[in-house]
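Some notes on the structure that comes next.
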Amino acid sequence: MDYTKVWLNYRPIEGAQGKKHCVCTRESGAVIDNIYAELDTAFAAMYGEKPARGLTDGAVKIDLFLDKTMGKESYRIEKSDRTIDIASGGQEGLLYGVFELLRRMQTGTLEGNVRLEKKPSNPLRMANHWDNMEGTIERGYSGMSFFFENNEVIVNERTRDYARMMASVGINASVINNVNVRTTAPWLLTERYRAPLIEMAKIFAGYGIRLFLSLNFASPVRVGGLDTADPCDEKVIAWWKETCRDLFENVPNFGGFLVKADSEGEFGPFAYGRTHADGANMLADAVRPYGGIIVWRCFVYNCQQDWRDNVTDRACQSYINFIGLDGQFADNVILQIKNGPVDFQVREPVHPLFGGLKHTNMMLEVQVAQEYTGQQRHVCYLLPEFREILDFKTCNGEKYDTVKDLISGKNYGYKNCGIAAVVNTGNDANWTGHDLAAANLYGFGRIAFEDTLTPEQIAREWIALTYGTDEQVMENIEKILMMSWPAYEKYNAPLAIGWMVNPSYHFGPNVDGYEYDRWGTYHRISHSAIGRDRSSRGTGYAQQYPEPLASMYNEIDTCPEELLLFFHRVRFDHVMKSGETLLQHIYDTHFEGAEDVEKMAALWDALEGKIEPEAFARVKERLAFQVEHSKEWRDRINTYMYRMTEIPDAKGRKIYE
Ligand code: GCW
């Protein structure tokens, strides 16, 4: 094996060597085989002995059984002196229960008698991979794809380890190809790739994961040989029905499709004067007989903007495109909405569609791949951000009005809903480029399954599983993780204005990188002010929220400061709550952010000797880079502001001229 075990890095438990266990169950099948395999691997490492099969004298008995009163993915663990019962309504739940058991054994959190019961918060917990058929990964920062290479589908040992890893944190759906469905990817629907897809889907099914594909809306033309892809055309409808029948009948546990349409150049129903609902519902009909799902993305906007146009606002567009369609989508369509209205910046307001849509299945899309948050060369632990998004009160007048209530089905009772993440895996030996970026993948799965977990809890679990439970290791890494998103935000583009990155690859500071480009993301800095007015006096974006949010965002004085420059054009001499001017605040946070990274690097250095040397060195190297690169961010932004305003730092620190 030429890759790491990430958090499935089972290690000996002190004082428990030789402890005997046995596993009893009447269940059988692929999931159960995988449970046995996991228990074997884990117990061999933790106790020095694999568990016996069947009741064995003198061994702690692990009893796995179905309890049909429970949900298929729910589980109950009851541990007493000599027995551990794991019950669930389905084998998937038993698998999740076993992973929780192992997690607790490994981290020493299964002491005494224990009784716990878990039910996943979100029905769908989905990984979106932006892997291309040639083997590259769009916004991938951890090597090449392990799903595709040279236009072939790859199935090997790593496919299984991938599925284990995802199942261990409760992911139950995986879209293996990029939402931009280009080159040979449209052919994934066809016979051409059928055999390896079946093999992959079987492996996934053994871990409770449904395989999904991204589709190209023009497929009837691209691969079907038709002269149209109009969703209302009979031939097109028939073609999709037949294509879906063929896929669902042959690929085990196939889940359905993820669709990016009429967005950033991807083909869609607009070409025929049809709506998103026409397109999505036609596909929904085709997959319905098989229990299939259509996940339709809301990331739709005019990406051919002219910077001179100060009326069109990208932030407004996704809402404008979809709000009028509320109630028109079939019940097996889910709208997948990015967390913010623009595009995964380090800070954005929560997308107004969450509060706006009331009769539509919704799914939240977050980005674990660090496209705008340091591309896995910076540590940026995103769970504090995810926590805030999930807890955001949409104020939509519903009984349960937070994002987590709306996407989990708690408010509307929806079954087709949940949470998806663009994930950060690749074929690098450590899976995620930066070793510490694995915490984001782990954390995404954990919070999707249990949406009340705190970022600190998740961090501690992940650290204990990955590096062991040494108190200093736990403490220092937790500090690094918890400091990292705030630090990144401090040295990045200020106060949610976003986008001060190099165009196209999105890495590194470039204040004017997108200023005159076609993507609709402008800061409009002058010598006296910065930002775009998105209030009712400007583009009106703030009015997409219900009250009291609309009024709160609408005024500089009541707008939360961390979002100030998202909503407003503000003078540099505006006095912030701290008493400092906006300009001084920008200088201060940029100095602070870079200093925070130095502290993070020192916290890591203090762990030398406590962490396996190669893993230690890998993170050390990346942190050293982050120390330098955060200074580059600091200096570029501070210098830019200084040159514009010619107002020096009140504290006399070095700002380059
Ligand atoms: O974040 C942006 C990325 C694109 C991506 C797009 C999307 C897959 O820069 O690379 O395309 O969003 O979410 O569709």
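Heads up: numbering here begins at 1 and tracks the sequence. Remember, it's 1-based here, ligands and their atoms both numbered in the order they're listed.
From the protein, the heavy atom lying nearest to atom 6 (C) of ligand 1 is E264 OE1, 3.3 Å. The nearest protein atom to atom 2 (C) of ligand 1, hydrogens excluded, is given as D343 OD2, 2.9 Å; this is a heavy-atom distance.
In this structure a side-chain-to-backbone donor-acceptor pair under 3.5 Å is missing from E138 to N132.
Considering both main-chain and side-chain atoms, E371 comes within under 3.5 Å of ligand 1 through a nitrogen or oxygen pair. Geometrically, ligand 1 and E138 share a nitrogen or oxygen pair separated by less than 3.5 Å. An N or O contact shorter than 3.5 Å links R297 to ligand 1 by distance. Checking only distances, K338 does come within under 3.5 Å of ligand 1, N or O to N or O.
Contacts between V422 and ligand 1 below 4.0 angstrom, taking non-hydrogen atoms only, are absent altogether.
When each of Q626, H629, K631, H590 is checked for a side-chain hydrogen bond (donor to acceptor under 3.5 Å, both in side chains) with Y491, only Q626 meets the rule.
Cation-pi geometry between R192 and W187 is met: the NZ or CZ atom falls under 6.0 Å from the ring centre, inside 45° of the normal.
A salt bridge is defined here as a Lys NZ or Arg NE, NH1 or NH2 lying under 4.0 Å from an Asp or Glu carboxylate O, and R182 with E134 fails to meet this definition.
Between F444 and F386, the two ring planes are perpendicular [angle over 60°; tilted spans 30° to 60°].
In this structure, W431 has its ring center under 6.0 Å from that of Y3.
For E266, the closest heavy-atom approach to ligand 1 does not fall below 4.0 Å.
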